[in-house]
Protein chains: 2
Amino acid sequence: MPVKKTKSQPRIARAATKKRALPHHGRLSKFAQSLLAEWRRLQLPGGNDCVIIAVSGGADSVALLLALDELIKANKLKIRIAVAHLNHRLRKTANADARWVKEFAKRLGFNVSISRIDVKKSARQSGDNLEQAARVARYRFLASMAQKLRAGIVLTAHTMDDQAETVLLNLLRGSGSAGLGGIEPVRSLSERAQTKLARPLLSWARRTDTERHCTERKVEFRHDEMNRDEKFARVRVRHNLLPLMERFNPKVVEALARTAELLRDDSEALDSAAERLLELSNADGPGKGNQLRIDLLASARPALRRRTLRLWMAKHRGDLRRLELAHIRAVENLLVGDRGGRRVELPGGSIVSRARGRLIYAANPRTSTARKT
Amino acid sequence: MPVKKTKSQPRIARAATKKRALPHHGRLSKFAQSLLAEWRRLQLPGGNDCVIIAVSGGADSVALLLALDELIKANKLKIRIAVAHLNHRLRKTANADARWVKEFAKRLGFNVSISRIDVKKSARQSGDNLEQAARVARYRFLASMAQKLRAGIVLTAHTMDDQAETVLLNLLRGSGSAGLGGIEPVRSLSERAQTKLARPLLSWARRTDTERHCTERKVEFRHDEMNRDEKFARVRVRHNLLPLMERFNPKVVEALARTAELLRDDSEALDSAAERLLELSNADGPGKGNQLRIDLLASARPALRRRTLRLWMAKHRGDLRRLELAHIRAVENLLVGDRGGRRVELPGGSIVSRARGRLIYAANPRTSTARKT
């Protein structure tokens with residue numbers, strides 16, 4: 001992924017002691033109060049930690065930055081902010097947007113790092129679509145910036161509207177609770193990194209709230225023309241599907257966010273039970289081995305059994321790529337009856353077989369050899 | 001609920017040995033083949049058992065009855081069928097529909113029981129809306145008929161389209177996995193009864209399949225004018241919301257049915273884990289007691305903890321009526337920290353309090369006394 005650095009190198013933002021760049025009244029705005037409550041609920045850091053904020057220039061990220069600035073200046077929050085902006089070079093206004101974000105962040109007294117990437121080119125190289133390629137590039141940029149600045153946390157400004165759209169997009173695909181759980185409020189930025197990714201607007205802020213907050217603070221945020229391009233399913237969900245659903249329930253965005261939260265909790269409880277069952281079923285003792293005892297798996301409830309099998313295969317394969325429900329069900333079928341000698345080939349060529357009351361995982365011999373040479 | 005019996009008393013249907021009432025070709029229809037496969041998958045009864053089929057006269061229930069008739073006459077299924085029809089007296093054509101069902105069932109050689117009810121009156125008495133009152137009356141009628149005929153199973157003709165509509169109606173309300181699990185393929189007809197309720201079309205038949213099957217068998221099913229009345233949310237989901245969602249994914253009905261199945265499995269695994277945790281947490285030993293140990297509950301995952309608390313309260317209250325997520329969360333809050341002496345009042349006046357490391361359930365003293373006298 002070609003992420004080119006521009007001249008503006010990220011520096012640790014100074015603790016924001018500058019004179020107020022924007023009018024600030026004695027009382028905290030309602031938006032900043034809600035953000036502070038969520039900050040505490042999610043146990044996000046204080047103590048002069050470096051926090052990276054992804055800012056596109058749209059209403060959501062601008063409102064987040066304004067409210068954080070307000071909280072810092074009111075001594076309610078003690079963090080060092082670094083603003084991150086990735087220029088995807090997709091929109092006509094991309095360069096102007098980047099300049100705007102840079103000036104806006106400077107005006108608030110924050111350091112800013114701008115990077116450029118040719119998303120179209122990366123999409124061609126990786127085979128992802130534009131949205132996926134842009135997302136991958138964005139999170140890589142944020143991770144590398146977090147590493148450089150030793151930031152423990154990166155924030156994005158996803159709102160409850162983003163959450164509802166994500167839930168619906170996954171529902172349209174027939175996802176289970178993992179997909180319908182939508183966007184996580186806090187997760188690891190990547191599998192390896194210690195850095196956390198948090199969305200402090202996700203569980204309470206509507207898009208109209210962020211727009212109103214910007215307007216009240218007299219900041220003219222940027223408009224993303226891609227947000228109006230109905231070639232993207234997300235835009236059609238936003239412009240057609242959600243408005244129709246609001247005619248059934250005016251609070252449907254809140255309802256979808258509540259559903260997502262309940263299903264995330266369900267997933268988390270089942271994943272944790274699956275971790276335990278995997279340890280118990282490991283034929284060669286906990287934490288190792290490519291063999292699972294069939295008796296324990298066969299007597300578990302289907303939802304738990306499938307999660308345990310998926311977890312086991314993911315650990316051996318390294319990831320879940322191209323592993324579909326159909327593969328999990330095929331492996332599950334190996335558990336039925338007493339007959340051994342059966343096998344299932346997984347995408348990539350690894351094999352799960354059944355013998356002597358055990359499931360056995362074997363990596364694709366060609367791939368394994370190829371990797372060694 | 002005033003369910004008046006008409007003169008036609010239900011009798012056990014004779015084993016259908018009559019001459020074929022409808023044309024039947026040597027090979028089974030595709031619809032009947034699919035029904036037979038699902039019948040086996042759900043392990044529905046054979047062995048000359050009495051099976052009650054709820055028939056409204058619409059395409060779904062008529063197609064189900066036709067296919068069962070086909071399977072019986074082809075010796076693929078050995079059951080005794082009794083047709084049940086409840087005249088809700090809501091539609092203009094209600095009496096004509098009832099006559100039609102009676103004649104149709106007789107023509108196939110099945111016994112039939114028709115009952116009448118004034119749904120508008122029951123709705124006024126119970127405070128339910130028309131749909132709810134009609135459903136309650138229908139299932140009561142089916143349960144009483146099942147008892148009279150000693151039928152082990154009652155079938156309704158819900159299709160995959162009904163499933164998708166139910167999932168969406170619950171999603172619009174912000175349900176968790178219990179609601180999004182939609183209609184169950186097999187469940188108990190009532191809490192007390194041994195009779196099962198099964199939906200053998202639910203997981204595979206589209207509404208267009210049932211209509212096509214009736215047309216192929218040259219049976220002119222009845223049309224329910226209420227299915228076109230957009231005052232019902234379900235009708236608006238069917239006519240407006242689902243068609244829009246099909247523009248995103250032409251197989252969205254199948255996708256929603258798959259989601260429902262995955263979430264039902266999740267719910268079932270979590271409910272079963274909650275039963276175990278409840279037994280473990282019972283301070284006075286398994287199966288009794290109104291006290292729960294806080295330590296075990298507090299260390300459980302939130303989704304499991306909330307299900308366990310709900311189960312515990314349902315067992316003491318007798319049901320879950322008016323018990324909302326907010327009440328469960330309030331009781332959950334009693335688990336936080338070390339302080340005893342706190343309490344939550346539940347709808348109906350019963351109290352959950354915390355003392356000496358335990359949660360204690362106390363029924364509303366006035367209600368309990370009133371019941372005894």
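Order of the sequence lines fixes the chain letters, A, B, ..., with proteins taken first and strands second; residue numbering starts at 1 for each chain.
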(request) Measure Ser272(B) against the heavy atoms of chain A and call it side chain, backbone, both or neither at under 4.5 Å. (result)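 Side chain only.
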Under 4.5 Å between any side-chain heavy atoms of [X] and [Y], yes or no?
| X | Y | result |
| --- | --- | --- |
| Leu263(A) | Leu263(B) | yes |
| Leu262(A) | Ser177(B) | no |
| Leu168(B) | Leu171(A) | yes |
| Met245(B) | Leu241(A) | yes |

(message) With chain B as the partner, which of Glu268(A), Arg264(A), Lys251(A) has the greatest number of non-hydrogen pairs under 4.5 Å?
(response)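 Ranked by contacts with chain B, first place is Glu268(A).
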(message) Quick check on the interface: out of Leu244(A), Leu304(A), Asn249(A), Val252(A), who has the most heavy-atom pairs with chain B under 4.5 Å?
(response) Leu244(A)
(message) Looking at every heavy atom in both Ala255(A) and Arg173(B), which two are closest together, and how far apart are they?
(response) CB-C, 4.0 Å
Would one find more than 12 heavy atoms of other residues, nucleotides or ligands at under 6.0 Å from atom [atom1] of [X]?
| X | atom1 | value |
| --- | --- | --- |
| Glu246(A) | CD | yes |
| Arg40(A) | CZ | no |
| Gln194(B) | CD | no |
| Arg247(B) | CZ | no |

(message) Salt bridge or not between Asp266(A) and Arg307(B)? Use side-chain N to carboxylate O under 4.0 Å.
(response)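 Yes.
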(request) Please flag which part of Glu261(A) lies under 4.5 Å from any non-hydrogen atom of chain B: side chain, backbone, both or neither. (result) side chain
(request) With Asp265(A) as reference, evaluate Arg306(B), Arg305(B), Arg301(B) under the salt bridge (charged side-chain N to carboxylate O under 4.0 Å, His left out) test and give the passing residue. (result) Arg306(B)
(request) For chain A, find which of Leu169(B), Leu172(B), Asn170(B), Leu325(B) contributes the most heavy-atom pairs closer than 4.5 angstrom. (result) Leu172(B)
